[in-house]
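Written out below as structure tokens is the structure these notes cover.
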Protein chains: 2
Amino acid sequence: MTLEIPEVVINRLPVYARALAALALDGETVVSSQTLGERLDVTPAQIRKDLSYFGRFGKQGRGYNVLGLLAKLREILGLDRKWRVCLVGLGRLGQAIAEYGGFEPQGFQIVAIFDSDPASVGKLVNAVHVHDSAELDSFLRQNPVDIGIVAVPAHAAQQVVDRLVNAGIRAILNYAPMTPHVARDVAVRNIDPVLAMQSMTFYIKKAEPSGK
Amino acid sequence: MTLEIPEVVINRLPVYARALAALALDGETVVSSQTLGERLDVTPAQIRKDLSYFGRFGKQGRGYNVLGLLAKLREILGLDRKWRVCLVGLGRLGQAIAEYGGFEPQGFQIVAIFDSDPASVGKLVNAVHVHDSAELDSFLRQNPVDIGIVAVPAHAAQQVVDRLVNAGIRAILNYAPMTPHVARDVAVRNIDPVLAMQSMTFYIKKAEPSGK
DNA sequence: GTCGCTCCGTTACGGATTTCACAAAGGTGA
DNA sequence: TCACCTTTGTGAAATCCGTAACGGAGCGAC
Ligand SMILES: NC(=O)c1ccc[n+]([C@@H]2O[C@H](COP(=O)([O-])OP(=O)(O)OC[C@H]3O[C@@H](n4cnc5c(N)ncnc54)[C@H](O)[C@@H]3O)[C@@H](O)[C@H]2O)c1
Ligand SMILES: NC(=O)c1ccc[n+]([C@@H]2O[C@H](COP(=O)([O-])OP(=O)(O)OC[C@H]3O[C@@H](n4cnc5c(N)ncnc54)[C@H](O)[C@@H]3O)[C@@H](O)[C@H]2O)c1
């Protein structure tokens, strides 16, 4: 029954959900795989196949009910609940993350911030307390957290990841430019704009005159 | 000769390069695919296969020369030159990007910033001028730029992307939570931490007690 | 009620990607 | 020089993933 779902499929579902939410805001009530596919640069067959891993959500001849499918996807992904998040590292990037208004509306609630710099500890950022990172373990023991965001320098990142994992966290969003090493049952996503740019240059270096 | 290189391969090369740079800093002079693979959670065969698309860089019985392979990868990716980058959108995120010190050392030079808010226009951020985004086209005509970073609200992003592409830019790093539509010869990378979290929740929602 | 059109769910196919496995090459030390 | 150990580069096999294609359900028109 629960046949193994490819990770690529899981990674596409939030994209579908995001598009459906946008369509709903536009007042659309139904959408076909064709239309959704055009919007997302994905073939209609791909969308239908992806969804078919989880059930039958469409109506032949019509398409999918926008709000209905959105609700289903949110349920499948576990987005129909709140998730407790902690942030480690309150440097420039950490500040931006703490103040970013895009997480909360999606159910991701930053409940604690940790930093090793005494100058930051004790502050209140966006109504969230900044703790000494030495207290990370004891805090997480008392206040379970689901997801950890790592925004410390690369040389400290593995250690932070280890502590988060040891404290029971099984999902990590890593901004440090390194590859974290974790047990197989821990989910990790890396965000690195430099890597993204470094792969694009391969494609534009060819016919690039640029130099006037 | 130039057999088609899979994009997944290209996306891994910068990761290899980053690891090699770290190894070099540690004073390592040679590395085997085995050792590199352990560090990056990639199979040795994968690394060797990826590299074999481009040539023969290793020595049997020894492995790869760290600096030599790094130089080769940088050449393959086009990282052996400077790239001119412009940033569109100087909100919270744009500020953080403009001040981030991680691009310049990798050869990505932000040469111009654009925003539509008159309050920002004319400012100097990290020694870079902020232009009115109405001047985007005329500026780019006079000052060729290779890569565009989009950090505007989602509803404005497609328009910004179109203007960048029309001005000749063929690589875009998009931070807005939407799927940009571009011609096939334009490279796009999307960065969205919310999507990343929304795919992780699928994996941790199962055995997650959490609720006390 | 039937026709005709749309569009889903699914299966089968084929292409792309990863893994396997091994011959050959480099290095070391007796 | 030779034996032995390591590790590469690479075809072949295995796996994974995306696309095509089609039967059939829903809907509207008449
Ligand atoms: N700033 C960006 O836009 C950006 C973008 C992408 C990636 N990154 C990466 O994110 C990370 C943070 O970047 P930044 O610019 O905020 O750096 P930063 O130096 O401004 O901040 C790092 C913060 O981490 C804290 N810290 C260090 N070690 C710690 C530890 N063991 N436990 C807890 N806190 C610790 C420091 O006190 C500091 O506040 C870096 O790895 C960087 O490469 C940054
Ligand atoms: N802040 C973050 O940490 C973060 C993280 C991920 C993604 N994002 C996304 O990045 C984008 C920017 O986020 P933000 O928090 O900086 O928003 P913001 O509202 O603070 O800034 C947006 C900026 O874009 C400018 N702008 C608007 N329309 C423009 C146009 N047509 N041309 C040029 N400039 C224009 C505005 O003047 C403003 O300065 C959003 O799409 C957001 O969802 C932000």
Side-chain angles (χ1 to χ4, degrees), chain A residues 1-13 15-16 19-20 23 28-73 76 179 184 199 202-203, chain B residues 1-16 19-20 23 28-70 72-73 76 179 184 199 202-203:
Chain A
M1 182 79 246
T2 306
L3 112 117
E4 206 53 55
I5 319 265
E7 180 163 342
V8 274
V9 171
I10 300 302
N11 289 338
R12 279 191 294 265
L13 297 187
V15 181
Y16 300 161
L20 289 167
L23 286 168
E28 302 289 335
T29 60
V30 292
V31 67
S32 67
S33 58
Q34 170 79 38
T35 307
L36 190 58
E38 280 165 15
R39 184 166 186 134
L40 297 177
D41 257 324
V42 168
T43 64
Q46 174 120 87
I47 294 175
R48 296 201 299 276
K49 182 115 205 278
D50 286 350
L51 297 178
S52 77
Y53 280 102
F54 302 96
R56 310 158 59 112
F57 308 120
K59 277 215 174 67
Q60 283 105 324
R62 272 187 73 60
Y64 301 88
N65 178 293
V66 171
L67 289 176
L69 182 55
L70 177 56
K72 275 294 176 194
L73 287 179
I76 291 165
T179 305
R184 214 161 355 81
S199 64
F202 175 81
Y203 295 101
Chain B
M1 182 78 245
T2 306
L3 116 115
E4 206 53 56
I5 318 263
E7 181 164 341
V8 276
V9 172
I10 300 302
N11 290 336
R12 280 191 293 266
L13 297 188
V15 181
Y16 300 161
L20 289 168
L23 286 168
E28 303 289 335
T29 59
V30 293
V31 67
S32 66
S33 57
Q34 170 78 40
T35 307
L36 189 59
E38 281 164 13
R39 184 167 186 135
L40 298 178
D41 256 323
V42 168
T43 64
Q46 171 105 264
I47 293 174
R48 295 201 299 275
K49 185 73 150 172
D50 286 351
L51 297 178
S52 77
Y53 280 101
F54 303 96
R56 308 159 58 111
F57 308 120
K59 277 214 175 68
Q60 282 105 328
R62 274 187 70 61
Y64 301 87
N65 178 293
V66 171
L67 288 176
L69 182 55
L70 177 54
K72 275 293 176 194
L73 287 178
I76 291 165
T179 304
R184 214 162 353 81
S199 64
F202 175 81
Y203 296 100

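When reading the values below, keep in mind they use all heavy atoms of this one structure, side chains included, and skip hydrogens, waters and symmetry mates.
If you check residues 42-52 of chain A against DNA chain D, the residues with a heavy atom closer than 4.0 Å are A:T43, A:A45, A:Q46, A:R48, A:K49, listed by number. Within residues 28-38 of chain A, the residues approached by DNA chain C to less than 4.0 Å at the level of any non-hydrogen atom are A:S32, A:S33, in residue-number order.
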Open item on the list: Set out, in order, the CA-CA distance, both residues' side-chain angles and the distance that settles side chain to side chain contact (heavy atoms under 4.5 Å, CB included) for A:F54 and A:I5, then state yes or no.
Closed with: CA-CA 9 Å; A:F54 302 96; A:I5 319 265; 3.7 Å; yes
TODO: Take A:L69 and A:L51, measure what side chain to side chain contact (heavy atoms under 4.5 Å, CB included) needs, and give me the verdict at the end.
DONE: CA-CA 9 Å; A:L69 182 55; A:L51 297 178; 4.0 Å; yes
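By the side-chain hydrogen bond (donor to acceptor under 3.5 Å, both in side chains) test, A:E38 is found to be paired with A:Q34, residues two or more places apart in sequence or in another chain being considered. A search for side chain to side chain contact (heavy atoms under 4.5 Å, CB included) contacts involving B:T35 returns B:V31, B:S32, not counting sequence neighbours. Contacts of B:E7 classified as salt bridge (charged side-chain N to carboxylate O under 4.0 Å, His left out), with partners at least two apart in sequence or in another chain: B:R189. Considering only residues two or more places apart in sequence or on other chains, B:T43 meets the side chain to side chain contact (heavy atoms under 4.5 Å, CB included) condition with B:A45, B:Q46.
Remark on DNA chain D: of its neighbouring residues A:G61 and A:R12, the 5'-side contact belongs to A:R12, judged by nearest-heavy-atom nucleotide. When each of B:P6 and A:K59 is assigned the nucleotide of DNA chain C with its nearest heavy atom, A:K59 is the one assigned upstream, toward the 5' end.
First and last contacting nucleotides of DNA chain C toward chain A (any atom under 4.0 angstrom from a heavy atom, 5' to 3' order): C:dT6 to C:dT11. Scanning DNA chain D 5' to 3' for nucleotides with an atom closer than 4.0 angstrom to a non-hydrogen atom of chain B gives a first and last hit of D:dT6 to D:dA12.
Remark: B:I76 CD1 to B:I10 CD1 distance equals 8.0 Å, nearest 0.5 Å. How far OG1 of B:T179 is from CG of A:L40: 4.5 Å, rounded to the nearest 0.5 Å.
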Contacts table for residues 57-66 of chain B: side-chain donor-acceptor under 3.5 angstrom, sequence neighbours left out:
unit_1: B:N65; atom_1: OD1; unit_2: B:L67; atom_2: N; d: 3.1
unit_1: B:N65; atom_1: OD1; unit_2: B:G68; atom_2: N; d: 2.7

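Counting heavy atoms from C-beta on, the side chains of B:L23 and B:L36 come closer than 4.5 Å. With contacts defined as side-chain heavy-atom distances shorter than 4.5 Å, the pair A:F202/B:P14 does not qualify.
The salt bridge (charged side-chain N to carboxylate O under 4.0 Å, His left out) analysis of residues 40-56 of chain A, with sequence neighbours excluded, yields the pairs A:R12-A:D50.
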